[in-house]
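A short write-up of the structure that comes next.
Throughout, protein chains are lettered first and strands after them, A, B, ... in sequence-line order, and every chain is numbered starting at 1. Scope of the values below: all heavy atoms of this structure, side chains included, with no hydrogens, waters or symmetry mates.
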4 protein chains.
Amino acid sequence: MLFLVLMAYISAMRPKIDPSGRKKSSFIEEARRRQIVRGAITTIAGGGLAQASLARIADDVGISKSVISYHFAGKDELIGEVINALLRDSNVFIRSWVDRADGARDRLRAYVEASFAFMAEHRENFAAMVDIWGSFGTVEAKRAFNATAYDPCRRHLEGILRAGQEEGVFRDFVPRTLATTIQGAIDGVMLQWVFDEDSVDLPGCAAELVTMFDLATRRLP
Amino acid sequence: MLFLVLMAYISAMRPKIDPSGRKKSSFIEEARRRQIVRGAITTIAGGGLAQASLARIADDVGISKSVISYHFAGKDELIGEVINALLRDSNVFIRSWVDRADGARDRLRAYVEASFAFMAEHRENFAAMVDIWGSFGTVEAKRAFNATAYDPCRRHLEGILRAGQEEGVFRDFVPRTLATTIQGAIDGVMLQWVFDEDSVDLPGCAAELVTMFDLATRRLP
Amino acid sequence: MLFLVLMAYISAMRPKIDPSGRKKSSFIEEARRRQIVRGAITTIAGGGLAQASLARIADDVGISKSVISYHFAGKDELIGEVINALLRDSNVFIRSWVDRADGARDRLRAYVEASFAFMAEHRENFAAMVDIWGSFGTVEAKRAFNATAYDPCRRHLEGILRAGQEEGVFRDFVPRTLATTIQGAIDGVMLQWVFDEDSVDLPGCAAELVTMFDLATRRLP
Amino acid sequence: MLFLVLMAYISAMRPKIDPSGRKKSSFIEEARRRQIVRGAITTIAGGGLAQASLARIADDVGISKSVISYHFAGKDELIGEVINALLRDSNVFIRSWVDRADGARDRLRAYVEASFAFMAEHRENFAAMVDIWGSFGTVEAKRAFNATAYDPCRRHLEGILRAGQEEGVFRDFVPRTLATTIQGAIDGVMLQWVFDEDSVDLPGCAAELVTMFDLATRRLP
DNA sequence: TATGAATGAGTCTTCATTCAT
DNA sequence: GATGAATGAAGACTCATTCAT
């Protein structure tokens, strides 16, 4: 599998409705694509990426195998769209939540809470995400995924943190490093929760992280 | 692939040197097994689990494909041993480091520092681990992995935290939840670092986490 | 190989044209299946079941190896269909011949003659059958084959013999035992003929058996 | 597998103790060979020839796999010896039983009774034999097996029948054809019995065959 | 737009055989 | 005599993809 191709595709972040009408992009076309992408996520979440052959996905969706081939250039493009969808949905949700908060302290709290709120409602998405991580075989693919998935999050967080420092409500730290740490904490808890949802008290962890980051970013007196 | 079988195998945690002499377990036999396991880790880390066919592993190790089949019952057993090795090495290292520390506060710091120290020296291991995560397709397999991989870590951390509360140096919190959170933070940072080592300041994050946990667990005045 | 599965399949005796339209069962689909089954019989008859790999069968038929995988769930299903075809053809022929005879004595003669007539025209079928016999490794598989292959024949014969006793034209004997014996005699001659067609005078044996059974079932004066 | 080689080997019918001392043929050598041959028969009878890999046979016997390779030129020679052993034992037994009878009528009865008596005591042998039949892929191999296995039996029977005709106790028939038929009847019953021993009344069939052949060979008045 | 059919590359696995000890 | 180790050939099977309809 040429994940370079795949990642190039992801990076392009093709907007859903391209203004130029690049393709036919008929309504039915887009509906089918979304249906297939959604089905792929479910299949991947349910049995792992390795078991998610086109045949199985098609079967789960209830369509013929070749329909997928017709609507997607190949499996790489499909998985690319899946990743796209997973990242997009999550990012959109978190951003909208954060935008509603005032002040760096509240925005940080909002970021964490939104992350966990979205998680709780879309376990399937994250199960699929974890399954897909292992597919980024090459160094380039991994790096590309990092640029697409992690960097936007880190930049978002970094902005909040830096603003807080400028506002004078946060102590001294390297914003970028703390952003990495915070995002890491969120993802790490998510990871355990994906592996066994019963073993993790998700709301408890969310609250604990909020408390912790509040305590840990507070300006030292 | 019957990962239940695999995970049962993992859970058994077959000690390397079985005292009963169940099999011959000749010296050369064990050496080969170790060589192959190590090679598999490298191959997986380098190209992803999906690309790590027995053929490629054998090729990387420089042996014939059937040598693997000779020394392992199948790919499942091999991957089982790989997981085993990954978990074992990490746990042994961290525990030995923690044991050398005095007091809950220092032990917590030691836990975090050891985790990052081991990481820094064994990036390949963690790349392989992330690749393997996606293989646990079924719910049972995921749960089994959780029990094998995460639970021991959480229990270890939980012990440290609870002791600290009893010593009176830690504030009030749910030890289990905080343990999940701390382990999550470590793993989440590791994850980003695996995806792009240049984008993460590993020592910086380690220091930040140590600081954060110190600030966040401190008994409030 | 799970011959239990296979035999379950055989026992089901799936009718060629399923009325419910369970699957599409398109014309071309059925044609291909029949082509492959026929080719498999030839290949098996020609070189033994052990040598009848999917590759060789495909080669003999003149198609790609994966075409077989496409039309059959696996080798087990293919061999199942082969057995099915072998038994079906033979049974249909014999029954139609017997049905045209009047009276128990003539029906018995018809049974023997039909068996040999069919044999003579379909040596390949019986060569394949003999080759397949050795594949029923487990006791269960053997028993299942017995139930599918031998029992119907014995019951058919048994019915003829019992009717003859009731008609008063046959002497006293255990119908079931004699049925086993008669069927055995037919198959045993067939066996030698399969191993070396030149060493067996098939029509002579047929005539001899007819005579023998006539003499041996005659009501003693 | 070169069954030509195998059959050539069988045909040679290597006497157990070769007078010329062709090989070392030490005592231990012969004992091992017999042990392995016996084990092979059991393994074949238990799971079919296809499952009877050298590894499994060795395992069942409780020796290392390479011991077989050491004592036999290859699997072909082993199977050759197995067939040899199967045929030899049976023939020796039947001949000795027949030799004890007086007169053609009694000798024929003895032949049938001996065949069934040996069968009843050595079901494993015949199960193995049936399994092996399918291995004779080529026409030459089948023919060779016919020459080795069937021809001696038919000649033996033929002799008895012809003598009976000369004595004037048997009616007119082609001895060779009737011999084929009688041997066929015995083997055919055996076959059903191998497939499901519970579905065949072996003593009943033996008695029925004795009666039948007596009635059917009797000189017509 | 949809799909049944076909296919070649690649996967794991089994196996008989060879060889050094 | 015996055997652990190694190996290449061959097996069944899966899969993404292509193509004609």
Send over the distance from [X] [atom1] to [N] [atom2], rounded to a whole Å.
| X | N | atom1 | atom2 | result |
| --- | --- | --- | --- | --- |
| A/L54 | F/dC15 | CG | C1' | 8 Å |
| C/K65 | E/dT7 | NZ | C1' | 11 Å |
| B/I68 | E/dT11 | CD1 | P | 12 Å |
| A/E77 | F/dT17 | CD | C1' | 14 Å |
| A/Q51 | E/dT11 | CD | C1' | 13 Å |

#### Entry: Where D/V37 and D/A85 come nearest, the two heavy atoms and their spacing
CG1-CB, 4.0 Å
### Task
Heavy atoms only: give me the nearest B/K65-B/A58 pair and the separation to one decimal.
CA-CB, 3.6 Å
### Task
Find which nucleotide of DNA chain E each of B/A52 and C/V67 is nearest to by heavy atoms, and output the residue with the more 5' nucleotide.
C/V67
### Summary
Heavy-atom nearest nucleotide on DNA chain F taken for C/A55 and for B/I63; more 5' hit belongs to B/I63
#### Entry: Toward the 5' end of DNA chain F, by each residue's nearest nucleotide, C/S66 or A/S69
C/S66
### Watson-Crick/G-U partner (both atom distances under 3.5 Å) of E/dT18
F/dA5
### Message
Please check this pair: side chain of A/R56 against backbone of A/T43, looking for a donor-acceptor N/O pair closer than 3.5 Å.
### Response
no
#### Entry: C/Y70 side-chain proximity, nearest of F/dA5, F/dT3, E/dA6
E/dA6
## Note on the structure
Checking E/dG4, F/dA6, E/dA2 against the side chain of A/S64 (C-beta onward), the nearest is E/dG4
